[in-house]
Amino acid sequence: MANFGIERVYQEFEPATRWTSEPDAEVLVADLPGFKKEQLKVSVTATRKLRLTGERPTGGNKWIRFHQEIPVPLTVDIDSVSAMFKDNKLYIRHPKLKTEIPQTKPPTPVIMKPHDQHERKQGQGPKAMVEKPSGGKTDQLKHDAQQLKHDAQQLKHDAQQKAREVVQSGKNKLTGEPKGPLSSNDDEKDKVGAKWFEKYKEATGNVVKEAKNKRQLLCNLAASVSLVLLILLYARNAVRSSLVWKSEE
């Protein structure tokens, strides 16, 4: 029977480990003398480390145990790890990742047709000669350029002259003498306008006066109502106070 309630005394143990390489896998071998398969645990952490743990009794309350974390090579597949325990040795097999080498296709030869070869040879032939203008043609070009320049200057001068004439005629129109005196019709229109303005001024003045009178009347009426209310309140308070004194007596 198991001894419940007895505290275990552990002794730490560090097993010897080594890597061996195979054509398609990397194998980790750990020496674990005295251990059984059910006393061992193997797992792979998220940080690509192989975690090995185990413990076994050595007699009484004494136990021996170990805990190791070993980095896993980047060239192996951690999702396909397998373990086997045989002859006091733990074999942990890590299959290698399969790297496919891309196959490069050989370049397709280009078959040149006789017609294409002939055109390519023509394209690689001597460059066409550019005919240079002779001396007489050069002098003619210079003369034509000078004539165009002279015509452009003449057009510019004519445009400036035309602009000055237009500006001068505008000034003369603006500074011209005024026409004769105003006619009698204009005087009559001015008098009629002045009369209408006086009537408008008088009408607006009457409206303003009436508005002021109405506002003054409203103010007086409000003051009178307020005074009447105050008198009524005073009389009511006086009546109440007299009734209170009578009830106390």
Side-chain angles (χ1 to χ4, degrees), residues 1-134 137-138 141-142 145 148:
M1 295 177 62
N3 296 324
F4 294 100
I6 299 176
E7 186 178 356
R8 295 180 180 181
V9 178
Y10 286 99
Q11 179 185 356
E12 299 297 332
F13 168 67
E14 185 175 354
T17 59
R18 61 188 179 277
W19 286 94
T20 60
S21 182
E22 296 181 358
D24 59 345
E26 299 289 344
V27 181
L28 177 68
V29 183
D31 296 329
L32 300 171
F35 281 88
K36 297 179 181 180
K37 180 180 178 180
E38 58 269 13
Q39 296 171 342
L40 304 175
K41 290 183 180 180
V42 180
S43 61
V44 180
T45 65
T47 57
R48 292 185 66 87
K49 289 185 178 181
L50 191 64
R51 181 178 295 166
L52 307 178
T53 59
E55 60 181 21
R56 67 176 177 84
T58 58
N61 63 339
K62 294 182 179 180
W63 288 67
I64 187 171
R65 66 182 180 183
F66 69 92
H67 180 93
Q68 275 191 339
E69 288 189 0
I70 302 171
V72 178
L74 297 175
T75 57
V76 300
D77 185 6
I78 61 175
D79 296 330
S80 303
V81 177
S82 60
M84 181 182 66
F85 187 70
K86 182 180 180 182
D87 297 334
N88 294 327
K89 295 181 186 297
L90 179 62
Y91 300 89
I92 305 172
R93 193 171 186 274
H94 303 75
K96 292 182 180 180
L97 292 172
K98 295 180 180 180
T99 56
E100 297 182 357
I101 301 174
Q103 297 180 356
T104 57
K105 295 182 179 180
T108 305
V110 179
I111 301 174
M112 299 292 293
K113 297 180 180 179
H115 181 68
D116 297 337
Q117 292 178 357
H118 179 67
E119 290 182 353
R120 178 170 292 185
K121 288 181 180 179
Q122 286 183 352
Q124 294 177 355
K127 296 181 180 180
M129 299 295 294
V130 179
E131 182 181 358
K132 295 182 179 180
S134 60
K137 291 183 178 180
T138 304
L141 292 174
K142 288 182 180 180
L148 290 173

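Counting begins at 1 with the first residue of the sequence.
- Residue pairs meeting the ring-ring contact (aromatic ring centres under 6.0 Å, His included) criterion with at least one member in residues 74-93: none, sequence neighbours excluded.
- Taking every heavy atom of both residues into account, Ala83 and Leu90 meet most closely at CB-CD1, 4.4 Å.
- Not counting sequence neighbours, the partners of Asp31 by the salt bridge (Lys or Arg N to Asp or Glu O under 4.0 Å) test are Arg18, Lys89.
- Phe66 meets the ring-ring contact (aromatic ring centres under 6.0 Å, His included) test with Phe35; sequence neighbours excluded.
- Annotation: salt bridge (Lys or Arg N to Asp or Glu O under 4.0 Å) contacts of Arg8 (sequence neighbours excluded): Glu55.
- For Thr58, the side chain to side chain contact (heavy atoms under 4.5 Å, CB included) criterion is met by Arg56, Lys62, Ile64, not counting sequence neighbours.
- Of all non-hydrogen atoms in Ala25 and Pro95, the two that sit nearest each other are CB-CA, 3.9 Å.
- Distance alone, capped at 3.5 Å, places no donor-acceptor pair between the Asn61 side chain and the Val9 backbone.
- Scanning for side-chain hydrogen bond (donor to acceptor under 3.5 Å, both in side chains) contacts around Thr45 gives Thr47, with sequence neighbours left out.
- The side chain to side chain contact (heavy atoms under 4.5 Å, CB included) test applied to Ser82 returns Arg93, not counting sequence neighbours.
- Partner of Leu28 under the side chain to side chain contact (heavy atoms under 4.5 Å, CB included) criterion, chosen from Val72, Thr20, Leu52: Leu52.
- Partners of Val81 by side chain to side chain contact (heavy atoms under 4.5 Å, CB included), not counting sequence neighbours, listed by chain and number: Val44, Ile92, His94.
- Closest approach of Pro71 and Trp19 over heavy atoms only: O-CZ2, 3.8 Å.
- Evaluation of the salt bridge (Lys or Arg N to Asp or Glu O under 4.0 Å) test over residues 64-74, restricted to residues two or more places apart or in two chains, returns Glu12-Arg65, Arg51-Glu69.
- Evaluation of the side chain to side chain contact (heavy atoms under 4.5 Å, CB included) rule for Ser21 yields Glu26, Lys96 as partners, not counting sequence neighbours.
- A heavy-atom distance below 4.5 Å is found between the side chains of Val42 and Leu50.
- Within the structure, no pair that satisfies the side chain to side chain donor-acceptor pair (under 3.5 Å) test touches residues 32-44, not counting sequence neighbours.
- Thr75 has its side chain out of reach of Leu97: every pair of non-hydrogen atoms, C-beta onward, lies at least 4.5 Å apart.
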